[in-house]
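See below for the structure under consideration.
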Amino acid sequence: MRSQLAHDQPAQGQPAGGPAAAARPVPAGREAARAGRSPLDEVFAAARAQGRAVLVGYLPAGFPTVERGIAAMRAMVAAGVDVVEVGLPYSDPTMDGPVIQDAADVALRGGVTTRDVLRTVEAVADTGAPTLVMTYWNPVERYGLEAFAADLASAGGAGAITPDLPPEEADSWLAACATQAIDPVFLVAPSSTPQRLRLVTSHSRGFVYAASTMGVTGARAAVGARAGDLVTRVREVTTLPVAVGLGVSTGAQAAEVAGFADGVIVGSALVRALATGDGEGGGDGVEAVARLAAELAAGVRAASA
Amino acid sequence: MPLAARPVVHTTSVGVGAGTVGAVTARPTGTFAESSRAAGAADQHAAGAAGDWSPARAAESWQAVPDTSGHFGRFGGRFVPEALFAALDELSAAYEAARFDPVFTAELDGLLASYAGRPTPLTSADRLTERIGGARILLKREDLAHTGSHKINNVLGQCLLTRRMGKTRVIAETGAGQHGVATATACALLGLECVVYMGEEDTRRQALNVARMRLLGAEVVAVASGSRTLKDAINEAMRDWVATVDSTHYCIGSVMGPHPFPMMVRDFQRVIGVEARQQTLDLLGRLPDAVVACVGGGSNAMGVFHRFIPDAEVALIGCEAGGDGVASGRHAAAIAGGAPGVLHGMRTFLLQDADGQTQVSHSISAGLDYPGIGPEHALLHETGRASYRVVDDAAAMEALALVARTEGILVAIESAHAFAGAFEVARELGPDGVVLVNCSGRGDKDVDTAARWFDLLDPDAG
Ligand SMILES: Cc1ncc(COP(=O)(O)O)c(C=O)c1O
């Protein structure tokens, strides 16, 4: 009997020019002055020059309303967040824990649309901070991936993180990102094999998103011990900066992660701050976001790398 | 194009006529083993066949899809977080090794025969045929399989595979509860820990099955997020899996999800059609004109269709749940009312809004109440090899009552959708025709819903 272990082989019969052929051509037209360096490249290079890690903050668009969401994101930039991830609220967030699920629910019940997400990107990118969209794949496909890439670029977006779009399925998306000179960011996980680390990092631009633990989003008491290992393994296969996400919620944790990674990504903790304000005091959510962002920003500067 | 490998000639006795007994004695020893060998032969031919699948080609080589990366034409694939890739690769490798391992196939075929009660009979539904006044109606009796539906076929395969991979915990989603019950059953049999995720709404609709699962030692988790039905149970199961994948297998209950699930579940369900085809030949000396099945995720339909795909003269007809009618917007007909998109790890037809948000499905049948459909059905639809009809709640319930009164078989509400579709087909075919209906499950779990629908409860009895 013939061995059937054929799944290890590269995909056959994919559309012309498989993933390997989709390497980014020179960014066309837009912001020629960038000379091939994207806003994300610049921010990571600048932070490296300062001997610190980049702080990436996530909030979903439309939570609790589009305008309040924008205010919170702008406030976190003012408080020291370097890069913003604008979440696109989705009906089936299989990679998110309860905090982000609930926020997406509120946003969707409030009627948030993909256009609102792009409007949010525009308002946040206006601060000068590189602004990405973080989205499940189906809303992009439904919008039309070329149109989405074009509208994201014209909103001033720096790129998009697509956690359920693996590079194998991303040929058209990679081409659209290249055309619009935006950065596609893919994820690696503690379970990624060396071959997959090479595949994923070879298609990422701007930075590589390293999920620190096996699990969904949510603040954790301890950032996974596997995160450091993962960063080491990623650095063996790429020169791209590595940002670590999943579980970071305090300045101390940010400092710890900044000790071994190029970037620290914080999501659920910021969402919770926006949702609950200062807790008992019932303080304003936007102020709570700014306060936490300032604590985290101090954290990424405190690390002795 | 080289000539296709023909499916292996079916030398195994798989039940004769409507009898329950079909000794599985001759070598090769059973239908799964037999399917695997035939698949192996066809796969050699099919290597690199992505994208050029066609009915004609399928007729040559019925295992030509999916391609090695799990695509059924433009459908299927793997749209999952990176964290799950290693587990999906491990599962693919374990499955590819197991399906050609005589030890594995013998164990599975042994359990299917001695534990699940296979082969299930083929019943000639004579009073129903007379009543409908069209083609002769034959029933493939998956309702008589252990646990009361076809779901056991898949679950025994996946749970044996779980043990083979050295994992000790199994999680599953369930809608009607039939897949959850089957999984709880197989886990009890094989000594595996079992957790079943079920939408809160479904735990109410199918309370009896919740109790059954708990009796079998499973933990049932009621999922209160989203629409509180099957799609949300799947979301929660995926969240569990990504955090526990080292020790846990996610036993998906239909021909859906990321590769290799749609292919693997189809292969485990394929026994339905392999048996039914031979039983029909034994009974009538001819093939049916049409094979009809209900479609939720699509596993009982793929199971009964697959062996018939090369038989170009046999129409394959899936029945989607129409709820209050497609025009009402309250339905679960992914092909009739949806558009291609990505959900739960696969590209397929989906109910979705203009922004790509999943729309909530509606059906009186919890097992069909899902906004997507397995990717191979999407391909069969696009190529025209199968066609899909819509059966609404009212038509299904009417069929359920008619089958009960004329044949003495209380079918699941899911299966009743297939019957309602088959009645139409039987009338279209006329008296010379033969229509094979997959009776995917029994209706005990639905007595409460049916009693309310037909107002059969004594008002004083509460
Ligand atoms: C009896 C029965 N038939 C059909 C289905 C639908 O599933 P599928 O389309 O995968 O066969 C279910 C699901 O719960 C079921 O219980």
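Per chain, numbering begins at 1; letters A, B, ... match sequence-line order.
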Most contacts with chain A, counted as non-hydrogen pairs under 4.5 angstrom, among B:Lys231, B:Met238, B:Gln357, B:Glu236: B:Gln357

Most heavy-atom pairs under 4.5 angstrom with chain B, which of A:Val140, A:Leu108, A:Thr162? A:Leu108

With only heavy atoms counted, which part of B:Asp353 is less than 4.5 Å from chain A, the side chain, the backbone, both or neither? backbone

Specify which of A:Pro98, A:Ala189, A:Pro166 makes the most heavy-atom pairs with chain B at under 4.5 Å. A:Pro166

Side chain, backbone, both or neither: which part of B:Val360 has a heavy atom under 4.5 Å from chain A? neither

A:Ser192/B:Glu82 under side chain to side chain donor-acceptor pair (under 3.5 Å): CA gap, chis, key distance, verdict: CA-CA 7 Å; A:Ser192 299; B:Glu82 173 62 25; 2.8 Å; yes

Are A:Tyr136 and B:Phe79, when compared by the centres of their aromatic rings, separated by less than 6.0 Å? no

Sort B:Thr358 into side chain, backbone, both or neither according to what part of it lies under 4.5 angstrom from a heavy atom of chain A. both

Atom group of B:Ile234 that falls short of 4.5 Å from chain A, counting heavy atoms: neither

Side chain, backbone, both or neither: which part of B:Ala354 has a non-hydrogen atom closer than 4.5 Å to chain A? backbone

Going by atom types only, do B:Thr105 and B:Asp109 share a side-chain donor-acceptor pair under 3.5 Å? no

Do the numbers put A:Arg196 on top of the ring of B:Phe85, so that NZ or CZ is under 6.0 Å from the six-membered ring centre and no more than 45° off the axis? yes

For A:Arg142, look at atom CZ and say whether over 12 heavy atoms of other residues, nucleotides or ligands are found less than 6.0 Å away. yes

Side chain, backbone, both or neither: which part of B:Arg74 has a non-hydrogen atom closer than 4.5 Å to chain A? neither

If the plane angle is over 60° it's perpendicular, under 30° parallel, otherwise tilted; pick one for A:His203 and A:Phe186. perpendicular

Is A:Tyr143 close to chain B through its backbone or its side chain, or both, or neither, when contacts mean heavy atoms under 4.5 Å? neither

Give, as side chain, backbone, both or neither, the part of A:Asp96 having an atom under 4.5 angstrom from any heavy atom of chain B. backbone

For the residue pair B:Tyr250 and B:Phe261, does the interplanar ring angle fall in the parallel (under 30°), tilted (30 to 60°) or perpendicular (over 60°) class? tilted

Need one label for B:Gln359: side chain, backbone, both or neither, based on atoms under 4.5 Å from any heavy atom in chain A. neither

Polar side chain donor-acceptor pair, A:Asn138 to A:Tyr90, under 3.5 angstrom: no

Quick one: do the A:Ser249 and A:Gln253 side chains pair a donor with an acceptor below 3.5 Å? yes

Of all of B:Arg239, B:Gln352, B:His344, which one pairs up most often with chain A through heavy atoms under 4.5 Å apart? B:Arg239

Does any heavy atom of chain B fall under 4.5 Å from the side chain of A:Pro89, the backbone, both, or neither of them? backbone

Whatever's closer than 4.5 Å to a heavy atom in chain B on A:Val200 counts as side chain

Tell me yes or no: between the side chains of A:Asp92 and A:Thr94, is some donor less than 3.5 Å from an acceptor? no

